[in-house]
*Asks:* 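My questions will all concern the structure given below.
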Amino acid sequence: MALDGRIAGHGIGALKDGKPPDETDNANYFCEYAFLYHQMDMLEDEPRTGAYFNAITWNPESFKDKVVLDVGAGTCILSMFAAKAGAKEVFAVEATDMAVRSRKLVQAQGLSHIIKVLQGTVETVTLPSMVDVIISEWMGYFLLRESMLDSVLIARDRFLKPGGALFPSHATLFLAPVGSAKACREKQQTFDGERQHFDNFNCTMMQYYGTDFSCMQEEFLEEQRKYYLQTGMFVNLAPKQLAGSGSPVLEIDLSTITLQDLKDSAKPLRCCMRISRDSQLEGFTGYFNVTFRGSTQNPVKEVVELTTAPTTKTATHWGQQLFGFFPPLQAKNEDVLECQLFIKRQKKNHRLLQLDSAFELCRESNGKRFVCQKREDTWYVD
């Protein structure tokens with residue numbers, strides 16, 4: 001019995017490819033993964049690929065003679081790691097035409113007798129047996145963008161044996177205050193420039209075409225505000241740009257979380273970020289860690305962690321997501337930035353995120369705590 005009450009094993013039968021994604025989901029998401037350049041970008045991310053390589057090859061006892069499912073296999077690099085670690089059989093599920101290329105790649109490595117590549121979504125493929133391990137690189141920007149974790153959980157409930165392991169097994173989303181961010185200042189300057197842009201545009205329309213567009217000004221500025229000021233920015237921050245350490249806002253155990261947990265935005269996520277120096281807070285950033293611990297019944301001997309935290313070393317292709325405070329908050333050392341956050345899926349595309357937030361900058365004076373600044377914002381992770 002799966003943890004959310006559904007019967008595991010639905011989809012067990014003769015090995016069979018699945019259905020392709022629907023046209024809209026393919027256009028919005030899957031199609032990009034069919035290109036080699038995109039796969040190469042991910043493979044060349046040494047912290048990412050190296051973490052998976054280490055997690056699998058340092059723990060051969062977790063894979064020896066095991067049946068493995070690779071969800072969103074891409075070029076089958078994780079499947080090949082598992083095969084080389086001793087897996088008896090690997091089912092590599094890839095929704096796009098990259099499956100055709102990965103079959104060729106698997107054959108070139110002499111691993112076709114172990115790795116079986118299935119083309120189609122993991123929700124629709126048929127496997128001949130339950131599996132001992134599920135491996136997947138499902139993480140998106142801000143951890144949850146792309147909603148691929150949905151597919152991993154469906155695969156878990158359909159195919160994973162009781163006590164089976166997921167690689168990675170845990171994930172944590174962190175928020176951290178940002179004290180210095182040139183990107184935020186540039187966004188504000190660009191948005192301010194759009195005001196003048198519209199004024200110049202309207203003057204031109206009046207002068208040459210006798211048409212007054214001023215009734216559209218607020219709508220235009222609202223469009224530009226969303227694009228420049230309310231949309232997360234991809235950045236690679238250095239630790240010195242943070243005004244305090246990161247604080248976990250969401251912790252996921254992949255063995256127990258349900259699809260409903262992921263989709264339920266009724267309960268806010270909360271965290272407190274302590275400010276470590278007098279700072280002008282220009283925004284906050286989101287990043288994540290994933291950890292490879294195996295399962296309770298099949299724990300790894302060597303725990304491996306992949307982090308996307310700000311670093312002075314090699315950054316990952318995820319970087320961090322930066323969200324600006326416009327205007328900045330004025331913070332002092334030992335202040336606490338309290339956050340209440342709802343992570344929702346955008347209505348136009350469920351693979352993109354909407355963040356509804358409320359922040360309070362709290363300070364102590366004469367033994368009493370008070371709120372010195374408040375703000376509520378909506379941001380988008382596109």
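Note that the structure is a prediction, hence the values are computed from the model and not measured. Nothing fancy with the numbering, it's 1 onward along the sequence.
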*Asks:* With a 4.0 Å cut-off, would you call R363 and D335 a salt bridge?
*Replies:* yes
*Asks:* Going by atom types only, do Q346 and D382 share a side-chain donor-acceptor pair under 3.5 Å?
*Replies:* yes
*Asks:* Within the supplied structure, the quantity of interest is the number of heavy atoms (other residues, nucleotides, ligands) at a distance under 6.0 Å from Q330 CD; does it exceed 12?
*Replies:* yes
*Asks:* Please say yes or no: joined through hydrophobic side-chain contacts below 4.5 Å, possibly via intermediate residues, are F91 and I12 part of one cluster?
*Replies:* yes
*Asks:* Determine whether more than 12 heavy atoms belonging to other residues, nucleotides or ligands lie under 6.0 Å from atom CD of Q297.
*Replies:* yes
*Asks:* Taking OH in Y227 as the centre, count heavy atoms belonging to other residues, nucleotides or ligands within less than 6.0 Å. Is the count above 12?
*Replies:* no
*Asks:* Mind checking whether V303 and F81 sit in one hydrophobic cluster, side chains of I, L, V, M, F, W, Y counted as touching below 4.5 Å?
*Replies:* yes
*Asks:* Counting heavy atoms not belonging to F53, are there more than 12 under 6.0 Å from its CZ?
*Replies:* no
*Asks:* Is it the case that Q354 and T378 place a side-chain donor and acceptor less than 3.5 Å from each other?
*Replies:* no
*Asks:* Quick one: pull up CG in L111 and NZ in K84 and give me the separation to the nearest 0.5 Å.
*Replies:* 6.5 Å
*Asks:* Side-chain heavy atoms under 4.5 angstrom apart, residues restricted to Ile, Leu, Val, Met, Phe, Trp, Tyr: same cluster for M42 and F30?
*Replies:* yes
*Asks:* Within a 6.0 Å radius of atom CE on M40, are there more than 12 heavy atoms belonging to other residues, nucleotides or ligands?
*Replies:* no
*Asks:* Could you tell me if the ring centre of F359 sits under 6.0 Å from that of F325?
*Replies:* yes
*Asks:* Does Y209, at its OH atom, have more than 12 non-hydrogen atoms belonging to other residues, nucleotides or ligands within less than 6.0 Å?
*Replies:* no
*Asks:* Given F323 and F142, is the ring pair (Phe, Tyr, Trp, His ring centres under 6.0 Å) satisfied, shown in steps?
*Replies:* CA-CA 11 Å; F323 306 90; F142 207 71; 5.6 Å; yes
*Asks:* Check whether the ring centres of W58 and F292 lie less than 6.0 Å apart, and answer yes or no.
*Replies:* no
*Asks:* Count the heavy atoms of every other residue, nucleotide or ligand shown that sit under 6.0 Å from OH of Y37, and state whether that count exceeds 12.
*Replies:* yes
*Asks:* So does F35 have more than 12 non-hydrogen atoms from other groups sitting under 6.0 Å from CZ?
*Replies:* no
*Asks:* Just verifying a value: how many Å separate C215 SG and N202 CG, rounded to the nearest 0.5 Å?
*Replies:* 8.5 Å
*Asks:* Between E32 and R351, does any side-chain N to carboxylate O distance fall below 4.0 Å?
*Replies:* no
*Asks:* Salt bridge check, E61 against K64: does any charged N sit closer than 4.0 Å to a carboxylate O?
*Replies:* no
*Asks:* Linking I/L/V/M/F/W/Y whenever any side-chain heavy atoms sit under 4.5 Å apart, do V304 and L306 land together?
*Replies:* yes
